[in-house]
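Side-chain atoms are counted along with the backbone in the values below, which use heavy atoms only and exclude waters and symmetry mates. Sequence positions, counted from 1, serve as the residue numbers for this chain.
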Amino acid sequence: MIKLIDKKLLVGLEIGTTKIVTIVGEVLPDGIINIIGIGESLSRGMDKGGVTNLELVVKCVKKAIDQAELMADCQIESVYLALSGQHISCQNEIGIVPISEEEVTQEDVDTVVHTAQSVRVRDEHRILHVIPQEYAIDYQEGIKNPVGLSGVRLKAKVHLITCHNDMAKNIVKVVARCGLKVDQLIFAGLASSLAVLTEDEKELGVCMVDIGGGTMDIGIYTNGALRYSKVIPYAGHIVTSDIAYAFGTPPADAEDIKLRKGCALGTLTVQDEAVEVPSVGGRLPQNLQLKTLTEIIELRYTELLHLVNDEIVQFQNSLSQSNAKYHLAAGVVLTGGASQINGLVECAQSVFHTQVRIGHPIYISDSIKTMQGPSYSTVAGLLHYGKEDRINNKKAMKHRASVSLWLTKINRWLKKEF
């Protein structure tokens with residue numbers, strides 16, 4: 001078995017409320033990520049993005065890791081790890097610095113971003129991501145890349161995503177117990193956005209919603225930049241629970257019925273069709289009207305989508321007060337495991353009153369067909385993040401090497417002069 005580092009592969013790990021997924025990918029010359037290994041297991045010991053039973057989660061993660069290693073024929077040593085939960089929060093900040101030379105250098109950009117993130121965050125929280133939105137030089141605003149431009153003062157707007165220290169430590173501890181390192185901890189909503197959104201959608205304005213088992217991760221983009229992040233602690237699992245309680249059926253069977261026969265819009269359901277529902281305690285299965293199942297699902301999904309719509313309205317109100325663009329012309333993109341239900345697009349359109357589509361991972365090779373499903377958006381996005389992270393690290397190393405070489409030459413010259 002070849003070590004992961006020897007093959008220069010990327011590994012993404014998502015520890016969700018209902019399932020755990022590990023994928024191994026390699027970056028092809030054209031930038032497409034080719035998935036060569038995948039491992040899955042049911043998740044136990046997790047709830048709404050938080051660890052509730054460490055030992056149970058570790059066992060489930062090990063199972064998913066072992067499957068991925070076997071399929072990819074490699075030894076996994078480190079992973080890009082997704083993080084979600086209600087403790088995730090965001091804030092937009094501004095940094096201003098004088099331009100050191102006649103034109104903006106990369107050092108100026110690094111300094112102004114560092115200044116913007118040097119703010120107070122919530123108690124017991126730490127910064128997870130610092131994402132530049134745009135720059136301004138003197139009176140010129142909306143600059144995407146200021147390097148090389150002339151001016152006196154450089155301003156940066158950044159989006160900060162923070163997480164609770166202990167929640168982050170617990171999820172990292174799970175990975176450590178499996179004998180692995182964490183390359184980087186990544187907000188699951190950011191990862192999903194990288195996997196399913198196009199650059200055009202981000203420019204026009206779009207809201208991405210990853211509907212998982214325990215949480216809904218939200219990311220809102222306008223003018224090509226992330227402006228708002230949020231985690232809602234209700235998602236697909238609550239729909240399954242409603243079905244289980246209403247029909248007196250085990251949760252596992254309720255989930256199966258939801259996926260096979262469920263629909264989020266009553267008008268798409270055959271009114272007189274019946275569905276067989278298993279019972280608990282050895283009782284005989286029941287035959288119930290599909291109409292009843294649809295009513296339960298439609299009601300709960302409508303409530304969940306209204307929670308998202310409330311966040312969108314709150315975001316739009318905050319931007320309209322600052323005279324910034326707030327229209328989401330590209331609409332809403334739904335993804336995640338709980339987005340795989342019939343009628344959801346139509347149900348969502350009636351709530352959001354805009355165009356809606358189901359987001360599937362893009363820029364991923366189709367060598368493994370299952371990876372094309374929306375339930376794999378987060379792990380696919382982790383690999384996209386990892387690809388960019390490695391590229392940036394290489395650039396930083398190259399820059400540090402060139403600076404070191406320049407300083408060495410200066411020292412040699414000084415020694416000759418004196």
Side-chain angles (χ1 to χ4, degrees), residues 1-25 35-72 74-85 87-88 125-129 161-192 194-195 210 212-215 217 231 375-390 393:
M1 186 176 288
I2 302 173
K3 285 189 175 182
L4 184 74
I5 194 169
D6 295 332
K7 297 182 74 173
K8 297 180 180 178
L9 302 177
L10 298 166
V11 181
L13 172 62
E14 179 190 12
I15 307 175
T17 300
T18 55
K19 77 175 191 305
I20 293 168
V21 184
T22 305
I23 60 170
V24 183
I35 306 302
I36 63 171
I38 181 170
E40 288 187 67
S41 69
L42 292 176
S43 181
R44 298 177 63 197
M46 291 289 296
D47 184 42
K48 302 183 186 303
V51 180
T52 58
N53 188 319
L54 184 63
E55 295 304 321
L56 277 179
V57 181
V58 169
K59 288 180 181 178
C60 296
V61 170
K62 282 182 177 178
K63 183 178 179 181
I65 292 288
D66 289 344
Q67 287 180 11
E69 285 184 332
L70 184 64
M71 185 173 180
C74 70
Q75 181 181 334
I76 295 173
E77 296 180 344
S78 62
V79 299
Y80 285 92
L81 179 62
L83 178 68
S84 186
H87 60 98
I88 299 286
H125 274 236
R126 68 177 177 88
I127 294 175
L128 190 62
H129 298 290
I161 300 177
T162 67
C163 66
H164 194 282
N165 262 321
D166 291 337
M167 300 290 280
K169 285 178 182 177
N170 288 336
I171 200 86
V172 170
K173 191 179 292 184
V174 170
V175 175
R177 288 283 185 93
C178 296
L180 305 175
K181 295 179 181 178
V182 174
D183 290 316
Q184 194 158 333
L185 203 55
I186 301 153
F187 170 45
L190 175 62
S192 298
L194 294 174
D210 187 328
T215 61
D217 300 327
V231 177
S375 60
Y376 297 96
S377 295
T378 298
V379 281
L382 291 175
L383 297 195
H384 286 301
Y385 189 100
K387 180 182 74 171
E388 294 302 318
D389 183 51
R390 288 194 179 177
N393 284 341

Can you find a pair of side-chain heavy atoms, one from [X] and one from [Y], that are under 4.5 Å apart?
{"X": "Y376", "Y": "I35", "answer": "no"}
{"X": "I38", "Y": "V379", "answer": "no"}
{"X": "V175", "Y": "V61", "answer": "no"}
{"X": "I76", "Y": "V24", "answer": "yes"}
{"X": "M71", "Y": "Q67", "answer": "no"}
{"X": "S78", "Y": "V11", "answer": "no"}

Provide the closest heavy-atom pair for [X] versus [Y] in the form atom of the first, atom of the second, distance.
{"X": "E40", "Y": "V21", "value": "CG-CG2, 4.0 Å"}
{"X": "G85", "Y": "V231", "value": "O-CB, 3.2 Å"}
{"X": "L185", "Y": "A168", "value": "CD2-CB, 3.6 Å"}
{"X": "Y385", "Y": "Q184", "value": "OH-NE2, 2.7 Å"}
{"X": "S192", "Y": "T378", "value": "OG-OG1, 2.8 Å"}
{"X": "K62", "Y": "R177", "value": "CE-O, 3.8 Å"}

Out of V172, I186, I171, V182, which one pairs with L83 under the side-chain contact (heavy atoms from CB on, under 4.5 Å) rule?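 Exactly one pass, corresponding to I171.
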
Only one of V174, N53, V57 passes side-chain contact (heavy atoms from CB on, under 4.5 Å) with M46, and that residue is V57

Going from [atom1] on [X] to [atom2] on [Y], what distance comes out if it is rounded to the nearest 0.5 angstrom?
{"X": "H164", "Y": "K169", "atom1": "NE2", "atom2": "NZ", "value": "9.5 Å"}
{"X": "L56", "Y": "R44", "atom1": "CG", "atom2": "CZ", "value": "5.0 Å"}
{"X": "C60", "Y": "I15", "atom1": "SG", "atom2": "CD1", "value": "9.5 Å"}
{"X": "I36", "Y": "I23", "atom1": "CD1", "atom2": "CD1", "value": "11.0 Å"}
{"X": "I65", "Y": "L13", "atom1": "CD1", "atom2": "CG", "value": "5.0 Å"}
{"X": "L383", "Y": "L194", "atom1": "CG", "atom2": "CG", "value": "11.0 Å"}

Should H384 and Y80 be marked as a ring-ring contact (aromatic ring centres under 6.0 Å, His included) after you check the CA-CA gap, both sets of side-chain angles, and the distance that decides it? CA-CA 10 Å; H384 286 301; Y80 285 92; over 10 Å; no

Taking atom types as modelled, is there a side-chain donor on D210 or S377 under 3.5 Å from an acceptor on the other? no

Can you see whether T52 engages D47 through a side-chain donor-acceptor pair at a distance of less than 3.5 angstrom? no

For G16, is there any backbone N or O sitting under 3.5 Å from a side-chain donor or acceptor partner on S43? yes

Apply side chain to side chain contact (heavy atoms under 4.5 Å, CB included) to T162 and list each qualifying residue two or more places apart in sequence or on a separate chain. S89, V121, H125, I127

Would you please name every residue forming a side chain to side chain contact (heavy atoms under 4.5 Å, CB included) with L42, sequence neighbours left out?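 With sequence neighbours excluded, L42 shows a side chain to side chain contact (heavy atoms under 4.5 Å, CB included) to no residue whatsoever.
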
Using the side chain to side chain donor-acceptor pair (under 3.5 Å) criterion, which residues pair with D217? Sequence neighbours excluded.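 Testing D217 for side chain to side chain donor-acceptor pair (under 3.5 Å), a comparison that skips the adjacent residues, returns S84.
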
Counting only heavy atoms from other residues, nucleotides and ligands, does the tally under 6.0 Å from NZ of K19 exceed 12?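 Enclosed: over 12 neighbouring heavy atoms sit under 6.0 Å from NZ of K19.
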
